[in-house]
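Here is the structure we will look at.
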Amino acid sequence: MSKRKNPSDDNNLNSDFCDFLMELAEYEKNVSRNVHKYNAYRKAASVLATHSKRIESGDEAKKLSGIGDKISKKIDEFLQTGKLRKLENIHQDEDAQAINTLTRVTGVGPVKAAEFVRNGIKSIEDLRNNIDKLTHHQTIGVRYFEDFEKKIPRKEIQDIEGKLKNLIKNLDPEFTVTICGSYRRGKRESGDIDALVTHPSLKINEKKKKHEAKLMKSLVDALKGLVTDVISIGDTKFMYYCAILYFTGSDVFNKTMRAHALDKGFTLNEYALRPVGVTGVPGEPVQISSEEDVFDYIDYPYKTPEERNM
DNA sequence: CATTAGAA
DNA sequence: TCTAATGA
């Protein structure tokens, strides 16, 4: 549930361009609602981010794929003046700013944000004073607004993990709980906590949807002690190792692994690993009994979760 | 890309 | 039913 965007910076020499491009992208998506411009800006940012030499002019940039006339000119403008008129204007546009901040509340997207603003609701505080105009989801979003933007220290996650496990194991010792995400990759703090819960009878008896449902509801009830607010409840999804793999990430690790699978003749996703026939398309999911299996099949050197921090 | 809430 | 929002 982390809403913070991860820009493509760190050690790229065009990061300043990337920054303004990303800002433009955000603007296009939240305020104007132009997904194309949004995508255009971000692909441009991404090529610039990977390009291994500092761009000195718009024309130079223009050679890169994804950078055309407009962006090329913006790069020039930025290079000369240290600024961007378009961005300056956006910064001065109060409503645009308001939309951007409202959008940080989970449950509030570009459309609602715009609607709120047009109805004079322009700040988090305004939202708090109009809690009657919010959905349940949004209410939680504003109630914990600050908390949601904070990172969660590993130790805190650890003890939630402990409580969760006790609760669940006591419910039914067959349950197994795995906290994935950056926590599993050993990070000191995380944006959220991804818990994967499985039960053996769910793995094989896929057919018995009845048992499945029972298990799920008892699980949900058991969680009531630990959980303070529920945003939404859905109908059970099932995946296993592929899911653990997937939810452990990181995103870029997943991408590279998927790509690798691909040229080893497999297609990998959150549910399964399947061989791809040259005819064009894929077939029966291969049997996976561990995360390692997945690596094996596509003969990709096994990486521990800690090594997946790419 | 699939899943949920909610509204009217 | 559709539409908006989340995630990953």
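Here is how names work: the chains are called A, B, and so on, in the same order as the sequence lines, proteins then strands, and each is numbered from 1. Only this structure's heavy atoms are used, side chains among them; waters, hydrogens and symmetry mates stay out. Worth saying up front: this structure is predicted, and the values here are computed from it rather than measured.
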Give me, pair by pair, the N or O atoms of the protein and of nucleotides 6-8 of chain B that are less than 3.5 Å apart, along with how far apart they are.
{"residue": "B/dG6", "atom": "OP1", "partner": "A/H136", "partner atom": "N", "Å": "3.4"}

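Summarising the geometry, the separation between CD on A/Q138 and P on B/dA5 is reported as 14 Å, rounded to the nearest angstrom. Rounded to whole Å, atom P of C/dT6 lies 13 Å from atom CD1 of A/I140. Protein atom NZ of A/K133 is 21 Å distant from nucleotide atom P of C/dA4, rounded to whole Å. The separation between A/I179 atom CD1 and C/dA8 atom C1' is 17 Å, rounded to whole Å. Between the CD1 atom of A/I231 and the C1' atom of B/dT4 there is a distance of 11 Å, given to the nearest Å. Rounding to whole angstrom units, CZ of residue A/F253 and P of C/dA8 are separated by 17 Å. If you measure from atom CG of A/D192 to atom C1' of C/dG7, you get 9 Å, rounded to the nearest angstrom. In this structure, A/E115 places its CD atom 11 Å from C1' of C/dA4, rounding to the nearest Å.
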Could you give the side-chain donor-acceptor pairs of residues 119-127 of chain A under 3.5 Å, partners two or more places apart or in another chain?
{"residue": "A/K122", "atom": "NZ", "partner": "A/D95", "partner atom": "OD1", "Å": "3.1"}
{"residue": "A/S123", "atom": "OG", "partner": "A/E125", "partner atom": "N", "Å": "3.4"}
{"residue": "A/S123", "atom": "OG", "partner": "A/D126", "partner atom": "N", "Å": "3.0"}
{"residue": "A/S123", "atom": "OG", "partner": "A/D126", "partner atom": "OD1", "Å": "3.4"}
{"residue": "A/S123", "atom": "OG", "partner": "A/D126", "partner atom": "OD2", "Å": "3.4"}
{"residue": "A/D126", "atom": "OD2", "partner": "A/K122", "partner atom": "N", "Å": "2.8"}
{"residue": "A/D126", "atom": "OD2", "partner": "A/S123", "partner atom": "N", "Å": "3.3"}

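Judged by the 6.0 Å and 45° rule, A/R154 forms a cation-pi pair with A/Y183.
Heavy-atom minimum distance, A/H91 versus A/Q97: O-OE1, 3.3 Å.
When each of A/E307, A/E291, A/E306 is paired with A/R184, the salt bridge (Lys or Arg N to Asp or Glu O under 4.0 Å) condition holds for A/E291 and for no other.
Residue A/D194 places its side chain closer to C/dA8 than to any other of C/dT6, C/dA8, C/dA4. Comparing B/dA5, C/dG7, C/dA8 against the side chain of A/S232 picks out B/dA5 as the nearest.
Taking a cutoff of 4.0 Å between a charged side-chain nitrogen and a carboxylate oxygen, A/E26 and A/R33 do not qualify as a salt bridge. Taking a cutoff of 4.0 Å between a charged side-chain nitrogen and a carboxylate oxygen, A/D147 and A/K150 qualify as a salt bridge.
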